[in-house]
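One structure coming up, written as structure tokens, with questions to follow.
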Amino acid sequence: MTSVLVEVLNGAGEELVDRWVSLQTESVLFRADLLAPEQVREESSAFVSQLCESLERSGAVDPEATLDGEPWEGMRAFLAALFRSRAQRGFEPDEVAEFLLLFKLPLFEALQKELGEDPAKLVDAVWDATRLMDRLGLYTTQVYARAKEEVIARQREELLELSTPVVTLWEGILALPLIGTLDSQRTQQVMEVLLQEIVDQEASVAILDITGVPTVDSATAQHLVRTMRAARLIGAECIISGIRPQIAQTMVTLGIDLGQVESRSTMAGALRVAFSRRGRKVVATGEA
Amino acid sequence: MRDEVESTLAIAHHHDLVRVRRALGVAADAVGLDPVRRTKLLTAASEIARNALTHGGGGEAEVELVEGRGVRLRVWDHGRGIEDVEEALRDGFSTAGSMGVGLGGARRLVDEFALESGKGTGTCVTVIVWKRP
Amino acid sequence: MEAVPILRVGDVLMVSIQVDLHDQLAERLAGDVADAVAKHDPKGVLIDISGVEVVDTFIGRVLGHIAQLARLMGSRVVLVGMRPAVAITLVELGMDLPGIETALNVDRGFRALGLEPPG
């Protein structure tokens with residue numbers, strides 16, 4: 001059976017690859033922005049020769065066999081590398097799945113051409129080829145999903161770093177707009193970044209703006225309080241701003257107390273407090 | 001990478017706490033811990049070693065590097081042991097009139113914390129702080 | 001015998017801790033500060049811990065005692081220069097020295113006491 005597939009693949013040769021490449025590049029799902037036709041050609045013919053090699057090494061196509069065995073090692077590595085890179089470059093799942101789905105058509109055409117005289121043999125061959133393609137497809141889905149998860153995990157970390165920007169509002173006054181949920185890992189990072197900035201800039205007031213924090217429960221409040229205590233220990237005061245009406249209500253309902261901390265609903269209100277701490281105030285000039 | 005024992009130190013006097021902190025500082029620098037993790041490790045060590053000194057009548061400390069990316073401290077004493085371990089790790093617990101955030105606080109500062117104790121066999125505390133991934 | 005030096009700068013006592021404090025030294029410091037406050041009646045006491053790598057619960061308690069003692073004797077204590085890593089660790093320990101005033105550095109410490117920093 002194997003020999004039939006290998007024979008057909010070898011027999012069809014460049015023609016099969018040509019047909020497959022044109023199917024891929026003409027598809028509505030083709031990502032011309034991410035893939036050059038030459039690259040498609042290169043990857044497609046590499047796949048076909050890898051397929052021949054694995055089929056030859058595996059001897060026979062056992063319909064129940066998986067791709068776990070040693071003969072398919074090369075194929076697994078090839079697919080893993082290809083689909084991992086596509087996942088990382090932002091291909092969508094359907095765009096990725098097309099690669100193998102579109103291979104079925106030229107493959108079946110070649111089988112038809114070769115075995116058309118013998119319907120029983122043709123049916124067997126198509127059946128085996130379908131099983132094989134499905135297994136390869138399943139494997140690529142797994143590779144793609146895993147690679148996507150890695151991408152998401154990395155982005156989450158990057159976001160974590162991006163989302164801790166410390167802004168200098170005035171000499172000695174820093175602001176830290178917090179965006180997203182404040183968990184203990186995040187709090188740890190916020191503390192480290194904030195305290196270092198306070199030291200570097202010799203700041204005395206830091207405004208923690210929680211406008212971008214979706215909910216404040218007692219755990220979040222504890223994290224805020226810890227951050228403020230740490231800042232106080234090195235000699236700076238924290239003011240909380242961005243306490244929206246719903247947040248204030250939740251906090252009162254949950255009995256959350258921020259202790260002695262100054263808090264304001266807006267950043268402007270907090271800035272006014274910060275100015276007064278630095279012995280300054282904002283006055284109208286009467287010009288505007 | 002094999003774990004290597006950096007040093008073994010006796011804990012018999014208050015000065016020895018400084019020695020334990022110093023040995024850990026060297027190990028932390030060898031591994032490249034960031035300042036916050038380094039300080040947490042040294043502070044936890046101080047609490048644990050002091051506990052061995054005041055409650056266990058002294059003991060020993062062993063400092064090791066783990067897989068080149070962590071520092072492990074093991075402190076054991078020859079005291080009466082702790083009967084209720086969970087109780088001992090709770091904040092505010094103290095049998096010697098100190099404020100007693102000691103062991104419970106130390107646990108919050110490290111990545112891994114294990115306490116073995118039995119009546120008459122003394123107490124052994126093992127902690128690890130890993131380098132930030 | 002080793003001790004932490006206590007310097008007089010105008011109306012202020014400066015305590016600069018540059019060594020890893022062991023317990024006896026810390027306890028001794030509390031007594032020394034109390035004696036110095038009694039002798040000089042300063043406006044305030046600045047304790048500079050920028051050189052201190054570890055403040056555990058024991059040292060934390062001693063610092064709290066010093067602040068209390070000084071306050072009883074009519075002087076304020078400002079703890080200056082705590083390192084960020086030390087502050088984070090203390091908060092994690094649940095020991096945030098509630099009764100002690102703090103400042104970023106010695107200059108700020110002077111200002112916190114309502115004085116111009118020297119020099």
Side-chain angles (χ1 to χ4, degrees), chain A residues 164 166 168 170-174 176 182-206 208 218-240 257-262 274 276-280, chain C residues 12 14-17 44-57 59-64 66-67 76-117 119:
Chain A
T164 325
V166 180
T168 309
W170 198 264
E171 195 196 325
I173 302 174
L174 302 178
L176 201 153
L182 207 56
D183 57 18
S184 62
Q185 187 198 349
R186 180 82 196 288
T187 305
Q188 190 67 35
Q189 197 192 359
V190 165
M191 272 202 241
E192 288 182 25
V193 172
L194 179 68
L195 266 56
Q196 197 53 54
E197 281 295 320
I198 289 173
V199 170
D200 290 349
Q201 303 203 25
E202 297 197 5
S204 54
V205 188
L208 301 181
S218 42
T220 312
Q222 267 309 309
H223 293 321
L224 286 171
V225 169
R226 280 166 59 216
T227 307
M228 294 180 295
R229 285 183 177 158
R232 192 197 72 83
L233 279 174
I234 64 165
E237 184 192 2
C238 285
I239 303 168
I240 306 276
D257 187 10
L258 291 176
Q260 310 288 341
V261 179
E262 287 277 359
S276 80
R277 292 285 190 279
R278 307 268 309 163
R280 291 175 164 80
Chain C
V12 170
M14 281 271 310
V15 183
S16 177
I17 305 176
V45 180
L46 293 184
I47 304 181
D48 180 6
I49 58 164
S50 58
V52 175
E53 282 192 301
V54 174
V55 176
D56 60 9
T57 51
I59 308 286
R61 268 198 307 282
V62 170
L63 293 172
I66 295 177
R76 280 163 63 193
V77 166
V78 183
L79 194 60
V80 304
M82 185 185 290
R83 298 180 181 191
V86 172
I88 291 171
T89 302
L90 277 176
V91 169
E92 217 68 63
L93 272 176
M95 239 218 151
D96 49 314
L97 311 175
I100 305 185
E101 283 183 72
T102 54
L104 207 57
N105 50 37
V106 173
D107 274 17
R108 292 284 172 81
F110 272 95
R111 289 184 213 281
L113 292 170
L115 300 167
E116 273 299 305

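This structure is a prediction, so every number in the text was calculated from the model and none was measured. Hydrogens, waters and symmetry mates are skipped; everything else that's a heavy atom, side chains included, is used. In what follows, chains are A, B, ... by sequence order, proteins preceding strands, each numbered from 1.
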* Short side-chain to backbone donor-acceptor contact, C/R108 and A/E202, under 3.5 Å ->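 Yes: the side chain of C/R108 pairs with the backbone of A/E202.
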* Looking only at heavy atoms, what is the nearest atom pair of C/A87 and A/A230, with distance? ->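 Between these two residues, the closest heavy atoms are CB-O, 3.6 Å.
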* To do: Output the option from C/A85, C/A103, C/G81 having the highest count of non-hydrogen pairs under 4.5 Å with chain A.
  =>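 If we count pairs closer than 4.5 Å to chain A, C/A103 comes out on top.
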* To do: For residues C/P84 and A/V199, report the shortest heavy-atom separation together with the two atoms involved.
  =>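 Looks like CG-CG2, 3.7 Å.
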* A/I234 CD1 to C/L90 CG distance, which is reported to the nearest 0.5 Å ->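 Those atoms lie 12.0 Å apart.
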* side-chain contact (heavy atoms from CB on, under 4.5 Å) involving A/R226 - partner list, sequence neighbours excluded ->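 Scan of A/R226 (side-chain contact (heavy atoms from CB on, under 4.5 Å), adjacent residues dropped) gives A/T187, A/Q188, A/M191, A/H223, C/V91, C/E92.
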* Asked: At a heavy-atom separation under 4.5 Å, does C/N105 approach chain A through its side chain, its backbone, both, or neither?
  ->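 For C/N105, the side chain is the part near chain A, not the backbone.
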* **With C/S50 via side-chain contact (heavy atoms from CB on, under 4.5 Å) - residues at least two apart** =>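 Partners of C/S50 under the side-chain contact (heavy atoms from CB on, under 4.5 Å) test: C/D48.
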* Quick one: what part of A/A231 sits under 4.5 Å from any heavy atom of chain C, side chain, backbone, both or neither? ->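 Contact with chain C: none, neither part.
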* In terms of heavy-atom proximity below 4.5 Å to chain C, should A/I198 be classed as side chain, backbone, both, or neither? ->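 Contact with chain C: backbone and side chain both.
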* Asked: A/S204 versus chain C, heavy atoms under 4.5 Å apart: side chain, backbone, both or neither?
  ->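 For A/S204, backbone and side chain are both near chain C.
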* Rounded distance (nearest 0.5 Å) linking atom CZ of C/R83 with atom CD of A/Q196 ->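 Reported to 0.5 Å precision, the distance equals 11.0 Å.
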* What is the minimum heavy-atom distance between A/A203 and C/L104, and which atoms define it? ->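 In this case the closest contact between A/A203 and C/L104 is O-CD2, 3.5 Å.
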* With only heavy atoms counted, which part of C/I100 is less than 4.5 Å from chain A, the side chain, the backbone, both or neither? ->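 Looking at C/I100, just its backbone touches chain A.
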